[in-house]
There are 2 protein chains.
Amino acid sequence: MSHTLGAREAQKQQTRRALLDAGLRLLENQSLSSLGLREVTREVGVAPAGFYRHFRDMGDLGVALVAESLGSLHAMIRAILAEQDDAEEVIAHSVRLIALHVRDHRPHIRFIARERHGGVQAVREAIAAELSLFADEVAEALGTQPVAQGWSPEDVHMLAELYVDRMLTTAIAFMEAPADDTAAEEGITQRARKELYLIHLGRRHWLDT
Amino acid sequence: MSHTLGAREAQKQQTRRALLDAGLRLLENQSLSSLGLREVTREVGVAPAGFYRHFRDMGDLGVALVAESLGSLHAMIRAILAEQDDAEEVIAHSVRLIALHVRDHRPHIRFIARERHGGVQAVREAIAAELSLFADEVAEALGTQPVAQGWSPEDVHMLAELYVDRMLTTAIAFMEAPADDTAAEEGITQRARKELYLIHLGRRHWLDT
DNA sequence: TCATCCAGTAAACAGCTGTTCGCCGAGTTG
DNA sequence: CAACTCGGCGAACAGCTGTTTACTGGATGA
């Protein structure tokens with residue numbers, strides 16, 4: 001849809017983008033439920049009333065940011081799941097991918113971390129729904145792997161949720177590290193690898209009785 | 001200190017408690033950075049100016065809530081660490097303890113979940129510091145266990161952080177479940193046990209090379 | 001070309017916010 | 001009993017908030 005959007009629609013989308021970007025920028029030091037409509041429009045250089053041409057309210061803008069933030073993560077997860085090397089290689093590569101993703105999308109990750117349990121219900125629910133989809137996707141991928149033979153579907157899903165949770169936690173750890181503190185990043189990388197490897201070991205011995 | 005506190009000081013503490021309680025109550029549906037000073041004093045029935053007799057600002061009140069929220073968790077963690085049964089018993093008991101704790105302190109857990117990555121720096125730092133202490137405590141307890149022989153201190157600490165993180169995640173899951181949905185609680189219990197057991201398996205085989 | 005659409009505007013609205021001030025009066029102290 | 005301390009009060013401050021209203025003027029489509 002909207003192959004060739006008129007100049008009219010194009011400018012509207014541009015303003016919308018500016019609003020989303022300004023919101024994300026302002027959310028670096030506060031949470032969504034304290035972010036003001038006027039604050040955002042002022043940052044963009046638009047009249048307050050103009051906000052309503054794009055969003056019903058701040059929660060609405062928040063939900064849009066969720067889709068944007070977790071949409072890009074989706075691609076990353078698919079890339080990780082496509083791996084077929086041995087465990088340690090997959091783990092190392094995954095952690096590296098997460099670090100790169102955070103480097104390029106730090107404000108988005110901060111937003112997700114902050115609003116996952118934040119004060120705006122609609123946003124919480126949007127994040128929970130997306131993360132649930134991630135878990136389903138990971139579970140499906142895990143199910144096809146030979147290591148998962150003999151596993152009950154519930155156990156596979158439990159493992160998928162554990163992986164998703166660890167990935168998000170690792171991403172948040174990278175996000176909280178100072179902008180170019182390579183030593184801190186290295187420490188986080190090491191710990192994340194060990195955690196994932198420990199889980200991998202548990203996974204190997206899950207059916208040992 | 002303060003064995004026998006005068007009637008004057010006693011009433012002051014009572015007002016302080018009322019402010020903290022009102023704050024916690026109001027934080028059920030919003031985050032700290034959007035909680036207003038007047039909102040809190042109105043809820044208590046105190047003049048706005050009275051707030052400053054107890055707290056410098058809202059961040060200050062938030063830090064007080066952190067100490068209160070994680071202080072009670074401290075006792076719970078000590079109880080869990082004192083266990084000496086076999087793994088499955090310890091796990092089952094731990095998860096049961098967490099569920100009970102959340103039942104009795106739901107608003108506190110909600111507060112920690114919401115503000116751990118929230119918009120108020122001082123509160124984020126207070127929570128991070130307390131959780132770091134938890135991890136140290138768990139690491140020390142793990143170090144004395146026979147299973148940990150041959151482990152490097154870094155690996156022990158990684159495992160401790162993983163445990164603390166899982167406990168908090170489980171607590172948050174219980175907190176988010178509807179108030180008396182026993183089916184949901186049972187599901188969370190099952191999953192938490194499996195996760196912890198999987199980590200336990202990984203732990204047993206950590207030194208297998 | 002001309003009527004229609006609609007993103008963005010400026011102004012006004014009532015209502016809220018944090019913070020400061022001087023004051024009161026009960027609890028404490030000597 | 002007198003002097004003092006100090007938690008809580010009421011009023012006032014400037015400044016901010018979300019939302020509605022009627023409007024303008026450039027892109028759109030017949």
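Side-chain atoms are counted along with the backbone in the values below, which use heavy atoms only and exclude waters and symmetry mates.
A side-chain donor-acceptor contact under 3.5 Å links B/D136 and B/H157. Inspection of the A/S34 and B/S34 side chains reveals no N or O donor paired with an N or O acceptor under 3.5 Å. Side chains of B/Q84 and B/E89: no donor on one and acceptor on the other come within 3.5 Å.
A donor-acceptor pair is defined here as one N or O able to donate and one able to accept, closer than 3.5 Å; no such pair exists between the side chain of A/D165 and the backbone of A/E161. In this structure a side-chain-to-backbone donor-acceptor pair under 3.5 Å is missing from B/R114 to B/S31.
In terms of phosphate contacts, B/T15 brings a side-chain nitrogen or oxygen within less than 4.0 Å of OP1 or OP2 of D/dG8. OP1 and OP2 of D/dG8 both lie 4.0 Å or more from every side-chain N or O belonging to B/R16. Phosphate proximity of C/dC5 to A/R53: absent, as no side-chain N or O sits under 4.0 Å from OP1 or OP2.
For A/E39 and D/dC16, the CD to P distance is 11 Å, given to the nearest whole Å. Atoms CG (A/L26) and C1' (D/dC16) sit 16 Å apart, rounded to a whole Å. In this entry the distance linking NE2 of A/H54 with C1' of C/dA7 reads 7 Å, nearest Å. In this structure, the NZ atom of B/K12 is 16 Å from the P atom of C/dG27, given to the nearest Å. Rounded to a whole Å, the CG atom of A/L37 is 13 Å from the C1' atom of D/dC16. Rounding to whole angstrom units, CG of residue B/D60 and P of C/dG18 are separated by 15 Å. If you take CG of B/L19 and P of C/dG18, they are 13 Å apart, rounded to a whole angstrom. Taking atom CZ on B/F55 and atom C1' on C/dT19, their separation rounds to 18 Å, with Å as the unit.
Contacts of A/Y52 with the nucleic acid, taken as non-hydrogen atoms under 4.0 Å apart, include base atoms. Counting non-hydrogen atoms under 4.0 angstrom, B/A7 reaches the backbone sugars and phosphates but no base. Within the nucleic acid shown, A/G50 comes within 4.0 Å of at least one base atom, counting heavy atoms only. No contact: B/R56 has no heavy atom under 4.0 Å from any strand.
Remark: DNA chain C takes part in the stems C:1-12 with D:19-30, C:14-17 with D:14-17, C:19-30 with D:1-12, each of 3 or more antiparallel Watson-Crick or G-U pairs, criterion distances under 3.5 Å.
Residue A/R8 has its side chain nearest to D/dG25 when only C/dT9, D/dG25, C/dG8 are considered. When each of D/dG8, C/dT9, C/dT20 is scored by its nearest atom to the side-chain atoms of B/A49, the top-ranked nucleotide is C/dT20.
Inter-residue side-chain proximity for A/M158 and B/L198 is flagged as met; some heavy-atom pair is nearer than 4.5 Å.
Checked for salt-bridge contact, B/R103 and B/E185 meet the test: a charged N lies under 4.0 Å from a carboxylate O.
Nearer to the 5' terminus of DNA chain D, by closest-nucleotide assignment, is the contact made by B/A47 (compared with the other of B/A47 and B/R38).
For the residue pair A/L168 and A/L131, the shortest heavy atom distance occurs at CD2-CD1, 4.0 Å.
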